[in-house]
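Worksheet for the structure shown next.
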Amino acid sequence: MPIIDLRSDTVTKPTEEMFKTMIAAPLGDDVLGDDPTVILLQKETASLLGKEAALFVPSGTMSNQLALKAQTQPGDQIILEDGAHIYRYEGGASAALAGVLNTCIECEGGQITWDDISKSLNPDNVHCAPPSLVCLENTHNTSGGRILCQDHVEEIGSNSHRLGLRVHLDGARLWHTHVVTGISMAELCSPVDTVSVCFSKALGAPVGSVLAGDKGVIERAWRFRKMMGGGMRQAGLLAAACIFALENHIERLEADHRQAKQLATGLDHPAIKVNHPVDTNIVIMDVAGKSASQGNDEALLQHLNDHQIRAMGFGPGRVRLIPNLGTNAEQMDQVLDVLNSFPGEVN
Ligand SMILES: *Cc1c(COP(=O)(O)O)cnc(C)c1O
């Protein structure tokens with residue numbers, strides 16, 4: 001039986017058609033600025049996101065960190081939600097590379113509001129790090145792929161700008177918000193100054209993210225990309241996969257969302273619960289109980305593994321599953337059979 005890989009939506013491999021467009025793509029040297037396929041991807045993405053300019057980069061981490069670098073000074077205060085990828089999972093880069101003070105706010109379901117932010121902004125006082133940037137994440141990964149309320153995003157944008165703060169959106173999975181809400185990508189991004197999107201997540205491209213914003217900020221980010229070693233030569237090979245993904249793999253995300261809901265509603269086990277609304281493609285399961293030697297979360301990962309199913313441990317007592325381009329509804333039925341027959345008990 002083939003492996004069902006639900007560890008992440010990054011595990012997908014390029015489809016045959018995607019490979020074909022990669023091989024056929026016209027190439028140049030992007031560090032010298034003449035790779036036509038990279039130029040096209042940047043133009044198309046900027047236009048889709050309603051921004052002036054865009055920059056192709058190797059990863060979402062680099063894209064987020066360039067946004068920080070290009071819009072802050074060392075010693076500035078930035079505000080983020082406590083579970084934010086920028087804060088949790090980027091190797092401490094905001095401190096190491098941008099040199100900023102991270103102020104994190106814990107918010108239920110990742111739903112950060114202007115009220116939370118305004119309370120945590122440092123005063124204009126020589127003792128304090130001056131605030132300069134607010135970071136949002138849509139969808140919000142650690143709360144289970146939750147969609148940010150667009151009214152909140154708009155309120156955060158206008159109030160931040162009124163105080164001279166800039167706003168960055170980690171939109172690694174913003175496509176999902178668009179597909180579920182029907183709000184255009186440009187409208188979702190209009191309250192923010194910069195946005196990072198990932199093509200190597202659910203869209204199925206092998207590599208690549210894009211940072212979009214105004215010309216000035218993208219020019220600064222471009223310099224920092226070179227400084228950090230992110231200049232890539234015949235990168236059109238990769239950009240072609242991203243263009244293919246843009247044109248062919250956005251609307252199909254609905255299938256991933258349906259599979260995620262199928263998992264959440266079909267789950268029937270006293271020790272395993274999904275404690276969040278499944279807005280998009282992420283299912284985080286809380287796993288209770290433990291045996292003498294290990295927690296039930298580890299035992300569950302082992303049990304899944306024994307049945308050719310891969311999932312990801314997501315902190316103590318938590319396991320994350322993400323249906324993706326390589327999975328289907330019948331496989332989710334198989335996964336449910338295996339989950340519901342987990343021998344672990346609540347104790
Ligand atoms: C995956 C992810 C990123 C970027 O990750 P890379 O692995 O560096 O591409 C950024 N933000 C969120 C919310 C993510 O899930």
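First listed ligand is number 1; within each ligand, the first listed atom is number 1. Any value given below was found using the heavy atoms of this structure, including those in side chains, with hydrogens, waters and symmetry copies removed.
- The aromatic rings of H249 and F244 stand perpendicular to each other, their planes meeting at an angle above 60°, with 30° marking the opposite boundary.
- In terms of heavy atoms, T194 sits closest to A67 at OG1-CB, 4.0 Å.
- Checking H85, R146, E81, R173 one by one against H140, the side-chain hydrogen bond (donor to acceptor under 3.5 Å, both in side chains) holds for a single residue, E81.
- In terms of the side-chain contact (heavy atoms from CB on, under 4.5 Å) criterion, residue partners of L40 (sequence neighbours excluded) are, by chain and number, E44, I243.
- Here the two rings, on F56 and W222, have centers that are 6.0 Å apart or farther.
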Just the distances, no angles: every ligand 1 N or O to protein N or O pair closer than 3.5 Å, one line each.
residue, atom, partner, partner atom, Å
ligand 1, 8 (O), G60, N, 3.4
ligand 1, 8 (O), T61, N, 2.9
ligand 1, 8 (O), T61, OG1, 2.6
ligand 1, 9 (O), G60, N, 2.8
ligand 1, 11 (N), D170, OD1, 3.1
ligand 1, 11 (N), D170, OD2, 2.6
ligand 1, 15 (O), N141, ND2, 3.3
ligand 1, 15 (O), R173, NH1, 2.9
ligand 1, 15 (O), K201, NZ, 2.9

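- The salt bridge (charged side-chain N to carboxylate O under 4.0 Å, His left out) test with D214 singles out one residue from R220, R166, K51, and that residue is R166.
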